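Take a look at the structure below.
Worth saying up front: this structure is predicted, and the values here are computed from it rather than measured. Each chain gets a letter, A, B and so on, in the order its sequence line appears, and its residues count up from 1. All values below were derived from every heavy atom in this structure, side-chain atoms included, with hydrogens, water molecules and symmetry-related copies excluded.
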There are 2 protein chains.
Amino acid sequence: MELRTLSYFVAVAEELHFGRAAIRLHMSQPPLSRAIKQLETELGAALLRRSSAGVALTPVGAVLLDEARALLDQADRVRVRVAAAAGAATLTVGLLADSADPGASRLAGAYSRQHPGVEVHIRETDLTDPTCGLHAGLVDIALTRGPFDETGLTVHELRTDPVGALLRTDDPLARRDSLKLADLADRRWFRFPAGTDPLWQSYWNGGEPRVGPVVRGVQECVQAVLWNGTVGMTLVDHEPAAGLAVVPLIDMPPSRVVAAWNEDDTNPLIRSFVRIAVAAYRD
Amino acid sequence: MELRTLSYFVAVAEELHFGRAAIRLHMSQPPLSRAIKQLETELGAALLRRSSAGVALTPVGAVLLDEARALLDQADRVRVRVAAAAGAATLTVGLLADSADPGASRLAGAYSRQHPGVEVHIRETDLTDPTCGLHAGLVDIALTRGPFDETGLTVHELRTDPVGALLRTDDPLARRDSLKLADLADRRWFRFPAGTDPLWQSYWNGGEPRVGPVVRGVQECVQAVLWNGTVGMTLVDHEPAAGLAVVPLIDMPPSRVVAAWNEDDTNPLIRSFVRIAVAAYRD
DNA sequence: GGTGTCGATACCGTACGGGTATCGTGCCAC
DNA sequence: GTGGCACGATACCCGTACGGTATCGACACC
């Protein structure tokens, strides 16, 4: 019973699916199956019930899930405290500019409460770099939205949001309950500055090359719609400013809010941060 | 940072000696040195200061020692709780008959307090089997005194006690402050029944073949001294009965109180029990 | 009954944890 | 001063176990 094995079990118990858990753990499914089976053997109890209907926790498994989560949490705190004792307890967090996310503010509160000794540096970036400087090594961890170039990064999904079109209230489409991308095909869209991550551009333009004003931040998007009537892609739970409406886009893949960090970043505070982030966004 | 690695560090930090820690961990010294160095690298801080004067904890190491102990304790509790949830939380403890040990009673209290769900079976044995049935698989763990045949067993020392001679108060030697084995060479001693562990016999007879009554338990020893004037080996902190005196034997190697268990016993409660035992005997 | 999904199994290569042998250094004894 | 000793570090070897790919088996659903 090692911490790694327990984290495997937690992943499977949370996903209730070996394949998805394996993806989350950046490994393939067979060794994961084997590790869980070994854990069951070592503990002398069945933890999961595999059936054609799917994977379910046994009562013993439910107990272990609670206990393992607490143990892994404490292990993360050990890392943080050791780092603090070594005087190396700083964490640089990248945020996408203007993202007023209730999850992020819950996270900030929870983190500073649990790790008061840690110095958190904040680096806000505009929409041209959705990784907030991860690839350049400017931040330890990015709280941002996909998609972007994930090579060399570990990406942990915090939430998925449906996507909507940002429209002026005087726009005829603004009264519709939902829209498809095709309804907006001939509109002016946002564009992003040269050098912006191509995955990001493609996603937020619905996969098509578009025409329209170049924007660098959320406020510029809002102003662009107000002044140009441009169609803006946004999230339906984003409260629109006065004079603007949001209509759900039913054929857009949902947007992922993620925490991402460099695979080779050895900062021991990252794990704990991610764990608290997951909890903050789950609530 | 795995639980195993942390237990290595705790062993070294407690012994402040790589060689002794390696013995305690049933491994050799080089891989232990390497594991500690890897841990230091991973945590990015020096945990131990090696010098010719010996090994010392750095401030960071002191923090980790506390944290690691707490984490390992919690890991043990996880095992116990999972076992309890699986309905397999029983532990059979072997005790040497008539051993009125204050450490053992503290242990009993602490254990039942920390693990109320566990069913503890007690098996008392006489002096003929100092392992209390470990070799026969009759108990999970033995709280006993050495020495005995340790093959296949893991033995964890809880305390060492100086040894004394048990004498009648009317014995001329009873007024001495201390004795040597040679002073008792011509006395009648205790002997043990056939089949008793030879190591045990040899130790408690001071390494010599002796003559005298055969005893099976502590009460029989006491009665044998009272009736025969036989010399009894005992522990100086053992409160003698009326009419008896204890005189320290300065050339007897001290007696070890130990917890011992079968290496291949998979009962998950053993670790936690040993940990609590160590704490109970330390106080 | 074909097809797809999903966990289990089989098999393989490598990396890491453990071993023994030996070194380097500092201390002590003579 | 120098030889011996204590002790941690280093070098090197080996086996296991972990993670990979390929495939199977069971079951559900068209």
Within this structure, what is the [atom1]-to-[atom2] distance between [X] and [N], rounded to whole angstrom?
X: A/Met27; N: D/dA17; atom1: CE; atom2: P; value: 16 Å
X: B/Gln29; N: D/dT10; atom1: CD; atom2: P; value: 11 Å
X: B/Ile36; N: D/dG8; atom1: CD1; atom2: P; value: 12 Å

Test item: [X] side-chain N/O and [Y] main-chain N/O as donor-acceptor pair under 3.5 Å:
X: B/Glu119; Y: B/Thr90; result: no
X: A/His135; Y: A/Asp149; result: yes
X: B/Thr144; Y: B/Pro130; result: yes

Please determine, for the side chain of [X], which listed nucleotide ([options]) has the closest atom?
X: A/Pro30; options: C/dG7, D/dA22, D/dG19; result: D/dA22
X: A/Ser33; options: D/dA9, D/dT10, C/dG7; result: C/dG7
X: B/Arg34; options: C/dG17, D/dG19, C/dT9; result: C/dG17

Legend entry - Members of residues 3-25 of chain A that approach DNA chain C, where some heavy atom sits under 4.0 Å away: A/His17, A/Phe18, A/Gly19

Inset, instruction - Tell me which residues in residues 38-49 of chain A put a heavy atom below 4.0 Å from DNA chain C, sorted by number, or none. - result: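 The stretch gives none, as no residue of it lies under 4.0 Å from the strand.
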
Test: [X] and [Y] ion pair at under 4.0 Å:
X: B/Asp76; Y: B/Arg79; result: yes
X: A/Arg34; Y: A/Glu40; result: no
X: A/Arg20; Y: A/Glu14; result: no

Inset, instruction - With side-chain hydrogen bond (donor to acceptor under 3.5 Å, both in side chains) as the test, would you mind laying out the steps for B/Ser255 and B/Arg145 before giving the verdict? - result: CA-CA 7 Å; B/Ser255 162; B/Arg145 290 187 172 278; 2.8 Å; yes

Legend entry - Any B/Ser28 side-chain nitrogen or oxygen under 4.0 Å from OP1 or OP2 of C/dG19: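 B/Ser28 to C/dG19 OP1/OP2: side-chain N or O found under 4.0 Å.
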
Legend entry - N/O (side chain, B/Lys37) to phosphate O (OP1/OP2, D/dT10) under 4.0 Å: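 Result: yes.
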
Legend entry - More than 12 heavy atoms from other groups under 6.0 Å of CZ on A/Arg77: yes

Legend entry - Donor + acceptor pair across side chains of A/His115, A/Ser272 (<3.5 Å):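 Present: a donor and an acceptor within the cut-off.
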
